[in-house]
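Following: one structure in structure tokens, then a few remarks.
Chain identifiers are assigned alphabetically (A, B, ...) following the order of the sequence lines, protein sequences preceding nucleic acid strands; residue numbering begins at 1 within each chain.
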Number of protein chains: 2
Amino acid sequence: MITINERLTPQKIKIIEFLKGTTSHPTAEDVYKNVKKSIPCISLGTVYRNLGQMAQRGQIRRLEVEGGFRYDADLSSHLHLVCKKCGSISDMHDVRIFDFIKKKTNPGKFIAQGAEVTIFGICKNCKK
Amino acid sequence: MITINERLTPQKIKIIEFLKGTTSHPTAEDVYKNVKKSIPCISLGTVYRNLGQMAQRGQIRRLEVEGGFRYDADLSSHLHLVCKKCGSISDMHDVRIFDFIKKKTNPGKFIAQGAEVTIFGICKNCKK
DNA sequence: TACTATATAGTAATGATTACTATTAATGAG
DNA sequence: CTCATTAATAGTAATCATTACTATATAGTA
């Protein structure tokens, strides 16, 4: 979990704890507000830096939605359903879509390492 | 092609012409630099506004890559291959992936209207 | 040609993200 | 445990892509 020369700080622990306890795909600002409850003096820059590093290390996922980044501690294969009305993001698991995609890419032309699948539409709450 | 109350200006014509003539998925800045060749006094704001409106009207597609927007006049079903090294974006056509995805979503839970599939990896040039 | 609303150029404002720096503290060795 | 090393932090400034604003110009239409 911890990579070489990486130090475990209370800030990192709280950030990852919060991310693992939610499926709301929060922004950096969301994470900041929440971790602030237990570490009031935490800096927004610390949150950004750690989220960026965690994403680069593959400890979390970073998504791009509506011109901003969202973070997700769920590393399992799943795709994202983005509501065009309220902007909420929900998950869809248990699909073989990534195998399907991988088969389609020709390794001679492009070496696939990962994929991001986003479906846009209207969520359950908003269609009422 | 032109929606109600929409006016066709030389700026719009050049923007859409450029987009239709490239598969490089340019940024707004790229479009601006190029259209500037034929309309030197064009404003960057004009490019942004038009790209945004065209995307909203469904005349072009807007992609999100590496924290920025890219534009694509190709409206056919295709997915995007993003190279992690050079950042280039190429297309992959002729896949039934969107049908596949649509079947997986439950209309009772989420009404799917569109999808964006991005594969990350290493492109042909960079793997050498 | 004249009218009206849309579009434009130019510029200012916004806001998310990143960079910077002096200080703090996590880790490992002795 | 104590110390030394250096990654990490808080706080703040800087960046930069995108959006907002406004007076002027112009496309479309009668």
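- Annotation: the span from A:Thr3 atom OG1 to A:Asn5 atom CG amounts to 8.0 Å, rounded to 0.5 Å.
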Quick one: which protein N/O atoms are closer than 3.5 Å to N/O atoms of nucleotides 21-23 of chain C? Pair and distance per line, please.
none

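- Other members of the cluster containing B:Ile15 are B:Ile16, B:Phe18, B:Leu19, B:Val31, B:Tyr32, B:Val35, B:Ile39, B:Ile42, B:Leu44, B:Val47, B:Tyr48, B:Leu51, B:Met54, B:Ile60, B:Phe69, B:Tyr71, with ILVMFWY side chains joined at under 4.5 Å, either directly or via other members.
- Side chain to side chain, A:Thr27 and A:Arg70 fail the donor-acceptor criterion of an N or O pair below 3.5 Å.
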Stepwise side chain to side chain contact (heavy atoms under 4.5 Å, CB included) check, A:Asp91 with A:Asp72
CA-CA 10 Å; A:Asp91 294 326; A:Asp72 189 351; 4.3 Å; yes

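- In this structure, A:Asn34 has no side chain to side chain donor-acceptor pair (under 3.5 Å) partners at least two apart in sequence or on a different chain.
- Judged as a side-chain contact (heavy atoms from CB on, under 4.5 Å), and not counting sequence neighbours, the contacts of B:Ser77 are B:Phe98.
- For B:His78 (side chain) and B:Met92 (main-chain N/O), no donor-acceptor pair under 3.5 Å exists by modelled atom type.
- For A:Glu17, the CD atom is densely surrounded, since the number of other residues' heavy atoms within 6.0 Å is greater than 12.
- Annotation: the terminal axes of the helix from C:dT1-D:dA30 to C:dG30-D:dC1 meet at 40°, where each axis is the rotation carrying the C1' atoms of four end pairs onto the next four (5 pairs per end, rounded to 10°).
- Of the residues in residues 22-30 of chain A, none lies under 4.0 Å from DNA chain C by heavy-atom distance.
- Contacts with DNA chain C (heavy atom under 4.0 Å) in residues 63-75 of chain A: A:Gly68, A:Phe69, listed by number.
- Salt bridge status for A:Glu6 with A:Lys12: present, with a side-chain N to carboxylate O gap under 4.0 Å.
- B:Ile13 has its CD1 atom 13 Å from the C1' atom of D:dT26, to the nearest Å.
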Can you give one letter per nucleotide of nucleotides 4-16 of chain D, 5' to 3': B if a protein heavy atom sits under 4.0 Å from the base, S if only from the sugar-phosphate, - if neither?
-BBBSBBB-----

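- In this structure, A:Ile4 stands alone, with no Ile, Leu, Val, Met, Phe, Trp or Tyr side-chain heavy atom under 4.5 Å from its own, directly or through other members.
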Please test B:Leu8 against B:Ile13 for side chain to side chain contact (heavy atoms under 4.5 Å, CB included), starting from the C-alpha separation and ending with a verdict.
CA-CA 7 Å; B:Leu8 197 55; B:Ile13 293 170; 3.9 Å; yes

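- For A:Ser38, the side-chain contact (heavy atoms from CB on, under 4.5 Å) test picks out A:Lys14, with sequence neighbours left out.
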Could you pull out every donor-acceptor pair under 3.5 Å between side chains of residues 106-127 of chain A and any protein atom, sequence neighbours left out?
unit_1, atom_1, unit_2, atom_2, d
A:Asn106, OD1, A:Gly108, N, 2.8
A:Gln113, OE1, B:Lys84, NZ, 3.4
A:Glu116, OE1, A:Arg61, NH2, 2.7
A:Glu116, OE2, A:His80, ND1, 2.8
A:Lys127, NZ, B:Gly108, O, 2.7

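- Annotation for A:Arg96: atom CZ does not count as buried by contact number, only 12 or fewer foreign heavy atoms lying within 6.0 Å.
- Sorted by first then second residue, the salt bridge (Lys or Arg N to Asp or Glu O under 4.0 Å) pairs that include residues 30-52 of chain A, not counting sequence neighbours, number zero.
- Residue B:Tyr48 has a polar side-chain atom (N or O) positioned under 4.0 Å from OP1 or OP2 of D:dT18.
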